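Remember, it's a predicted structure, so these values are computed and weren't measured experimentally. Just so you know, ligand 1 is whichever comes first in the structure, and atom 1 is the first atom listed for that ligand.
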Amino acid sequence: MRLILMGPPGAGKGTQAKFVAEHYSVPAISTGDIFRANVSQGTPLGLEAQRYMDAGDYVPDEVTNSMVANRIAEDDAKGGFLLDGYPRTLAQVEELDAMVGERQERIDAVVVLTVEMDEIVQRLLQRAQTEGRADDTEDVIRRRQEIYAEQTEPLIEVYRERGLLVEVDGMGEVADVTARVLEALDSSPRG
Ligand code: AMP
């Protein structure tokens, strides 16, 4: 199973990614988590990524694309993967197409979690208190939502046209959302 999980910051992608990936026995690959690990280890990639992340901007495509190409080439991702937070730009969609095409594979489905804006702001402010992420301040939260709307939301139509889109209501309890995602994937027509 090769899945993409999309949704605005605060939609619950990271939480759902873990449960859904576990269900299909594939690794959950979060570009945000990989960047954060590099930042905390002070690697050159982390140093490069940090200034974009702190501002709520996207890390440049070349950096992100090669990081994902390396990650999905690892052994545990050979049989499938769930991408959490990638692709986020049209250029990343093309690059991912090339990566999976080279391997004679394809993406099976793209899940989009939909959540109301009020709920998103509440969740992110709460996460700011519990996790202390540097990019969960009010200004940066707003910036990240703007960038999502500008650069990532258009991807929804791209995947809808390809017949891969599975939209899931992301409101409510974590376990209920997971059940909705799995049910939607089970009943979605995938070739
Ligand atoms: P996330 O944990 O998915 O919200 O990602 C946190 C931050 O990492 C984002 O605000 C971006 O700065 C960066 N990031 C994560 N994934 C990507 C991506 N696919 N393209 C560019 N930047 C990304």
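Checking only distances, Tyr58 never comes within under 3.5 Å of ligand 1, N or O to N or O. The shortest N/O to N/O separation between Gln92 and ligand 1 falls below 3.5 Å. Looking at ligand 1, you won't find any N or O of Asp84 less than 3.5 Å from one of its N or O atoms. The distance criterion of under 3.5 Å between nitrogen or oxygen atoms is not met by Phe35 with respect to ligand 1. Remark: ligand 1 and Arg88 share an N or O pair separated by less than 3.5 Å (distance only, no angle test). For Pro87, no nitrogen or oxygen atom sits less than 3.5 Å from a nitrogen or oxygen atom of ligand 1, counting backbone and side chain alike. Geometrically, ligand 1 and Lys13 share no nitrogen or oxygen pair separated by less than 3.5 Å.
One distance of note links OG1 of Thr64 with CD of Gln92; it measures 5.0 Å at 0.5 Å rounding.
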- Message: As a quick check of understanding, evaluate side-chain hydrogen bond (donor to acceptor under 3.5 Å, both in side chains) for Thr43 and Asn38, giving each step before the final call.
- Response: CA-CA 5 Å; Thr43 67; Asn38 277 276; 2.7 Å; yes
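Comment: Arg143 does not engage Asp54 in a salt bridge, judged by the lack of any side-chain N to carboxylate O separation of less than 4.0 angstrom. Glu138 has a carboxylate O that lies under 4.0 Å from a charged side-chain N of Arg142, or vice versa, which qualifies the two as a salt bridge. Under 4.0 Å is where a charged nitrogen must lie from a carboxylate oxygen, and between Arg71 and Asp76 at least one such pair does.
Leu82 places none of its side-chain heavy atoms less than 4.5 Å from the side chain of Ile29.
Contact annotation: for Asp57 versus ligand 1, heavy atoms closer than 4.0 Å belong to the backbone alone.
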